[in-house]
There are 2 protein chains.
Amino acid sequence: MGASETRQQIVDVADRLFYERGFEATSFADIARDAGLSRGNFYYHFKTKDEILAAVIGGRVEKTRAILEAWARNADSPADRIRSFVHILITNRTRIMAHGCPVGTLCNELAKLDHAAKEDAARLFSLFRDWLARQFAMLGREADADALALHLLMRSQGVAVLATAFRDEAFIYREVSDMEAWLQTQCPATSLSRSRQSV
Amino acid sequence: MGASETRQQIVDVADRLFYERGFEATSFADIARDAGLSRGNFYYHFKTKDEILAAVIGGRVEKTRAILEAWARNADSPADRIRSFVHILITNRTRIMAHGCPVGTLCNELAKLDHAAKEDAARLFSLFRDWLARQFAMLGREADADALALHLLMRSQGVAVLATAFRDEAFIYREVSDMEAWLQTQCPATSLSRSRQSV
DNA sequence: GTCTATATCTCGATAGAC
DNA sequence: GTCTATCGAGATATAGAC
């Protein structure tokens, strides 16, 4: 296997383990075992744990950008795009109930560790925040687009935390419906009623 | 110093470190140092890390019960009691921006570790949940009191996560105002207008 | 009840053979 | 580019003196 493929394999495994078990709780040995490598070979690709964390965050940034672009492509109206965001709570509900939100839990852990990469992790939130704000602006809410984006992001994080603690699937569905109802009240009727038909 | 005082001192220090740095990232040596004890003495009081975690969670349960009782004593109306809950986001904003919510972050970490105590930690949420539900029931919302309680708990958790990631104090104040406005819309006008005067 | 000393393990990280 | 062998540090945990 070439160096770049092995490196990518390491990043993929580390990404999964950092999410499922946490950054601190995941050892090099864990990553090497799941990637099918010896620990010695591992250090050929990554010198420090912080290096692999940076690679994981960088990979998540790229994946997030791709998802946001796909949502923008696949939905005609800004309201439908926002609904795409809301619905990841349902799509990923099983993993969220087991391990929380990948972004929120990483930011929390790095904040507690006062880790140098905590700002980089928070930038993952900013990707969603700025994208959502653009959709709200397109819905005619230029003045408070960022506040609305943060509000929706806040709700999705709150749902993720409680879904993990209580493992309550009905709660997730209820709050997603509530977020959609809130969305209705926040935006001009025309663009929303049009988009509702496509749901 | 007597055994019970030393034990309490250990639990207090562990409680703080588990919150500030996380459970996994806190070592026995850290706790012993901050408590002014040798590691050897430490093991006289607690045999395992799980034992001290159980003591920390137990202590938090007692403190939470005391806080909820104080809120019930010091506020005449259920609406004011609910506002007492909402306002811990402002009271504790500095610590929340640095280390998140003590309950939410612990539940997230224990869920990832698949720790035996994760259900016990989630019971801390249940204390707030049940208490809030009782207040909503007293406000005439018996039918959906629990859903309303979970919704408010969800919002407070979402605010805590984003406040940690973005370290944005204005965001906290804005969302607290929004929660109060939401509270207005959810409950009969009479009991709320009365309670508003006392804020 | 508190201490020092120590055992044992696993961690992140390195050296060097192939 | 991958391996085995190994290092030092720090982790949990124990033994035994006082």
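Each chain gets a letter, A, B and so on, in the order its sequence line appears, and its residues count up from 1.
Going from atom CG of B/Asp30 over to atom P of D/dA11 covers 6 Å, rounded to whole Å. A/Gln9 places its CD atom 11 Å from the P atom of D/dT2, with the value rounded to the nearest Å. Here D/dG1 presents its P atom at 12 Å from CD1 of A/Ile10, a figure rounded to the nearest Å. Counting to the nearest Å, the P atom of C/dG12 and the CD atom of A/Glu24 are 9 Å from each other. Protein atom CZ of B/Phe28 is 20 Å distant from nucleotide atom P of C/dA7, rounded to whole Å.
A cation-pi arrangement is absent between A/Lys112 and B/Phe23 under the rule of less than 6.0 angstrom and at most 45 degrees off the ring axis. In this structure, A/Arg129 forms a cation-pi arrangement with B/Phe166, its terminal cationic atom sitting closer than 6.0 Å to the ring centre and no more than 45° off the ring axis.
Between A/Asp114 and B/Arg21 there is no salt bridge, since no side-chain nitrogen of the basic residue lies less than 4.0 Å from a carboxylate oxygen of the acidic one. Using a 4.0 Å cut-off between a side-chain N of Lys or Arg and a carboxylate O of Asp or Glu, A/Asp15 and A/Lys63 qualify as a salt bridge.
Residues from residues 47-58 of chain B with heavy atoms under 4.0 angstrom of DNA chain D, sorted by number: B/Lys47, B/Thr48, B/Lys49. Contacts between residues 38-45 of chain B and DNA chain C, defined by a heavy-atom separation below 4.0 Å, involve B/Ser38, B/Gly40, B/Asn41, B/Tyr44, B/His45, listed by number.
Hydrophobic clustering (side-chain heavy atoms under 4.5 Å, transitive across Ile, Leu, Val, Met, Phe, Trp, Tyr) groups B/Phe128 together with B/Met179.
With rounding to the nearest 0.5 Å, the separation of CG in B/Asp130 from CG in B/Asp146 is 7.5 Å. Rounding to the nearest 0.5 Å places NE2 of B/His99 at 14.5 Å from CZ of B/Phe18. Note that CG of B/Asp30 is 10.0 Å distant from CZ of B/Arg16, once rounded to the nearest 0.5 Å. Note that CZ of B/Arg123 and OG1 of B/Thr64 are 13.5 Å apart. Values are rounded to the nearest 0.5 Å. Of the inter-residue distances, the one linking A/Gln135 atom CD with A/Leu183 atom CG reads 11.0 Å to the nearest 0.5 angstrom.
Side-chain N/O atoms of B/Ser27 include one lying less than 4.0 angstrom from OP1 or OP2 on D/dA11.
Heavy atoms of B/Ser4 sit nowhere under 4.0 angstrom from any nucleic acid atom.
In this structure, B/Tyr43 and B/Phe28 have tilted ring planes: the angle between them lies in the 30° to 60° band.
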Convert the base pairs of DNA chain C into dot-bracket notation, remembering that pairs crossing earlier ones are written with [ ] and that bases paired across to another strand are shown as |; include only Watson-Crick or G-U pairs under 3.5 Å. ||||||||||||||||||
